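Given the structure is predicted, the values throughout are model-derived calculations rather than measurements. In what follows, chains carry the letters A, B, and so on, assigned in the order in which the sequence lines appear, proteins first and then strands, with residues in each chain numbered from 1.
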Amino acid sequence: MNLQYSPKKIYDVSKSQEAFKRALKVVPAGIYGHLGPSEGCMIPVSSYPLFMSKAKGAYFWDIDGNKFIDYMCAYGPNFLGYNDPDVDAAAIEQLKKGNCATLTSDLLIDFAEEMVDTINMADWAFFAKNGGDATNFAVMIARAYTHRKKIVLVKGYYHGVSPWMQKLGYAGVTEEDIANNLYIDWNAPDQFEKLIKKYPGQIAALIATPYFHPTFVDNQLPPEGYWQKMRKLCDDNGIVLIFDDVRAGFRIDIKGSDYHYGIKSDISCFCKAIANGYNVSAVCGQEKLKNATSDIMYTGSYWLSAVPFAAGIATIKKAKATNAVEENKKKGIILTEGLKEVAKDNGFDLRVTGEPSMFYLRLGNDYPSTIMHQEWVAECVKRGVFFTSHHNHFINAALTQEDMQYTWEVADEAYKVVKKNHPDAKYI
Amino acid sequence: MDNVTKARINLFAILRNIEDLCEMDPVSKDLIKDVKLGVEFNVPEVGSAVLTFADGKCKFTRGKGKSALKLYFTSPEHFNNLIAPPIDAKTGKPKMVIPIFYNVFKAGFLLNQFTKLAERLSYYLQPAPDKKDELLKDPDYFYANTVLTAYTAFYAMSEIANSDFVGKAIAKRMPDGVIACEVNGGPAMNITVKNHKFVTNKGKVAEPRATMVFGDMQFAHDLLNGKTSSFTGMGTGQFQVKGYVEMLEQMAKLLTQVSIYLA
């Protein structure tokens with residue numbers, strides 16, 4: 001790639017680092033969870049911004065005033081662009097009318113209708129706040145419907161942070177919490193079949209993401225016929241098929257990822273992209289599950305708030321009008337093809353896996369340690385392009401060709417730094 | 001927590017510290033200066049280990065080996081009671097635990113030097129709560145305490161990964177590779193994982209899959225003693241990790257299990 005550019009400015013993140021020291025005094029771990037330096041794999045932490053001051057479109061600014069092109073998109077919620085004017089206008093209009101009151105707004109119905117009209121498998125919709133609320137509820141529905149206990153999960157899964165979703169040996173998780181979990185590998189219908197035979201009439205649900213997108217490893221798309229086999233095994237054995245579309249929802253297909261891969265799930269869980277950053281998640285289900293769902297007591301103080309409903313409706317309408325899902329896919333392909341070219345020009349073997357709008361990056365040069373890739377990511381972050389080394393990325397509709405051009409320039413400069421630091425590494 | 005894993009920790013993580021104790025502690029060094037003896041410990045369901053004393057040094061070896069004094073324990077619990085004797089309800093004092101031994105002529109070492117070495121190890125690893133803060137003000141004591149605690153933790157971690165129910169579940173999620181651990185200004189260790197089996201060794205390695213570096217001895221001391229957290233250290237940069245972080249995440253979970261066994 002013919003790149004001509006001036007050296008990029010190296011960002012100073014000292015205000016973030018100072019603020020983090022303050023945070024440590026009053027917040028466990030300073031910043032907990034996936035946005036924190038530990039779970040967020042910010043290595044070395046001195047290269048990373050930790051607190052944002054504002055966000056707009058494809059960018060966020062940190063409290064040091066540095067601007068970043070954001071390829072994590074808040075780990076998914078940024079779908080149309082931060083502070084999308086149409087989504088914000090709908091939310092603000094509703095905020096003026098009312099948000100959290102003793103009665104819910106009839107926007108509940110409008111949003112549910114919008115979801116049912118949009119998501120191919122949906123006959124009804126139920127709203128909560130986070131993806132974990134949705135996946136947890138989906139499993140409860142499956143158990144209520146089937147009167148069975150066991151749940152099958154695909155190893156490498158992430159469905160949220162409730163104790164049953166975590167693993168033995170994780171802090172605060174007991175053996176009893178996961179006693180009804182059964183595990184299979186990705187792309188292993190034979191293992192699913194064996195479990196069905198081993199636990200006849202005991203498996204309530206299979207919960208899985210549409211494709212294999214765990215952290216730290218190459219992502220894998222489902223091979224031809226995979227989901228059809230799994231669907232049939234569920235149908236033949238009275239097992240509820242739950243699609244955890246929390247991360248991939250609206251990033252593969254506006255009609256749902258199950259539709260994209262040629263099947264109909266029984267339950268699909270959505271969050272992240274559906275309201276462009278406003279706090280709402282959704283469980284969509286088939287008609288046969290509606291009565292069982294109605295009988296479950298499951299709610300939260302803010303689950304029927306009207307503002308996120310307004311934002312969700314506006315998000316879906318705009319996504320359809322702008323063909324955002326397809327456009328984001330195209331951008332993902334252009335961006336990653338460019339990154340691969342830049343990497344190759346510098347002797348690096350950049351591997352890109354997963355769906356284009358949720359691409360995962362790693363280097364072939366430094367396998368199995370990932371140390372050079374981590375250094376490259378840190379060098380990119382220091383120059384205003386926010387990648388991570390452990391997790392898939394996200395494309396949002398506000399990303400421009402100029403942003404991608406800048407990204408390639410930063411990637412090029414960062415690869416040159418890494419190469420200089422590792423003169424004896426294996427290069428292509 | 002199970003007795004077999006506890007005995008493995010006692011044998012392969014705690015007892016092995018006598019090797020380092022005799023290097024770092026002048027009192028221990030003096031105790032063994034004229035000793036030329038191999039002592040073999042045999043624990044059912046756990047295995048064997050030998051402490052070899054010669055030329056003023058001690059060497060710990062896993063497995064059976066040349067030894068004039070052989071000690072046999074009837075069960076893992078029997079051995080655990082030697083390392084941490086239960087308190088006699090009548091006297092309020094620790095019960096005497098006697099192993100079955102071969103070579104009565106060498107039993108004097110067991111009753112004299114070995115007992116004193118065990119006391120020195122406790123002095124460093126388990127100081128009396130009312131004296132601990134004062135002892136830690138002494139830089140030599142602080143160094144020995146931190147190094148021995150680190151060795152204990154990382155050797156114990158491998159035993160837990162290979163033996164304990166929860167540990168094995170965590171180990172099952174661990175990919176193959178070598179993890180390098182280092183304390184700036186202190187010791188280095190490495191953990192090799194192959195087919196979910198763990199082996200801890202001292203020293204640096206050339207091409208680890210993942211590394212963790214404790215910024216200094218104070219941070220290592222605080223982390224190993226539960227006075228700070230790894231998440232906090234990663235945020236402040238005092239705990240630097242790189243490479244295949246998934247391995248370190250699983251290792252952190254194993255280290256949590258260590259604290260349960262050593263509590």
Side-chain angles (χ1 to χ4, degrees), chain A residues 13 16-21 23-25 27-33 35-48 50 155-156 166-175 178 181 183 214-217 362 366-375 377-378 388-391 424-425, chain B residues 1 157 160-161 164-180 193-194 196 205-213 215 222-223 226 228-260:
Chain A
V13 292
S16 268
Q17 305 294 330
E18 281 306 309
F20 189 75
K21 286 179 195 161
L24 277 172
K25 291 178 185 162
V27 181
I31 307 165
Y32 44 81
L35 301 188
S38 183
E39 286 292 318
C41 282
M42 297 176 180
I43 301 168
V45 69
S46 56
S47 298
Y48 283 80
L50 297 171
K155 287 176 199 168
Q166 301 208 32
K167 290 157 194 163
L168 194 57
Y170 281 38
V173 177
T174 67
E175 196 183 339
I178 56 162
N181 289 2
Y183 307 100
T215 48
F216 299 109
V217 295
R362 83 166 168 88
D366 64 355
Y367 184 82
S369 84
T370 76
I371 285 174
M372 286 163 73
H373 184 59
Q374 261 163 12
E375 288 181 14
V377 167
T388 61
S389 61
H390 69 301
H391 195 285
D424 300 327
Chain B
M1 209 159 64
M157 186 190 72
I160 288 169
D164 175 72
F165 174 70
V166 176
K168 283 196 281 190
I170 299 168
K172 218 172 170 182
R173 300 193 290 266
M174 184 72 109
D176 287 356
V178 180
I179 302 170
V193 184
K194 193 162 187 194
H196 312 290
V205 282
E207 288 189 351
R209 190 170 186 190
T211 64
M212 61 159 66
V213 177
D222 289 349
L223 187 63
T228 186
S229 78
S230 56
F231 275 33
T232 300
M234 283 176 73
T236 58
Q238 290 169 297
F239 188 50
Q240 299 138 22
V241 300
K242 63 179 177 177
Y244 197 66
V245 176
E246 171 72 354
M247 293 189 89
L248 302 176
E249 286 193 0
Q250 299 306 328
M251 194 167 91
K253 287 167 178 56
L254 285 168
L255 286 170
T256 302
Q257 299 300 314
V258 170
S259 65
I260 295 169

**Q** Table please: side-chain donor-acceptor pairs of residues 245-254 of chain B below 3.5 Å, with sequence neighbours left out.
**A**
| unit_1 | atom_1 | unit_2 | atom_2 | d |
| --- | --- | --- | --- | --- |
| B:Glu246 | OE2 | B:Gln250 | NE2 | 3.4 |
| B:Gln250 | OE1 | B:Arg173 | NE | 3.3 |

**Q** With a 4.5 angstrom heavy-atom cut-off, is it the side chain or the backbone of B:Thr236 that approaches chain A, or both, or neither?
**A** both
**Q** As an exercise: rank A:His390, A:Glu175, A:Glu375 by heavy-atom pairs under 4.5 Å with chain B and give me the winner.
**A** A:Glu175
**Q** Give, as side chain, backbone, both or neither, the part of A:Tyr367 having an atom under 4.5 angstrom from any heavy atom of chain B.
**A** side chain
**Q** Given heavy-atom pairs under 4.5 angstrom as the criterion, report whether the side chain, backbone, both or neither of A:Phe20 touches chain B.
**A** side chain
**Q** Please find the pair of heavy atoms, one from A:Ser369 and one from B:Pro208, that lie closest to each other, and give the distance.
**A** CB-O, 3.9 Å
**Q** Would you indicate whether the side-chain heavy atoms of B:Tyr244 and A:Val217 approach each other to under 4.5 Å?
**A** yes
**Q** I need the minimum non-hydrogen distance between A:Ala29 and B:Phe231, along with the two atoms involved.
**A** CB-CB, 3.9 Å
**Q** Rounded at 0.5 Å granularity, tell me how far OG1 in A:Thr370 sits from NZ in B:Lys242.
**A** 10.5 Å
**Q** Shortest non-hydrogen contact from A:Pro37 to B:Gly235?
**A** CG-CA, 3.7 Å
**Q** Is it the backbone or the side chain of A:Pro44 that comes under 4.5 Å from a heavy atom of chain B, or both, or neither?
**A** neither
**Q** If you measure from CD1 on A:Ile43 to OG1 on B:Thr211, what distance do you get to the nearest 0.5 Å?
**A** 8.5 Å
**Q** Taking side chain as everything from C-beta outward and backbone as N, CA, C, O, which of these in B:Thr232 sits under 4.5 Å from a heavy atom of chain A? Side chain, backbone, both or neither.
**A** both
**Q** Sort B:Pro175 into side chain, backbone, both or neither according to what part of it lies under 4.5 angstrom from a heavy atom of chain A.
**A** neither
**Q** Under 4.5 Å from any heavy atom of chain B, what part of A:Leu168 do you find: side chain, backbone, both or neither?
**A** both
**Q** What pair of heavy atoms forms the shortest contact from A:Ser38 to B:Met234, and how long is it?
**A** OG-SD, 3.2 Å
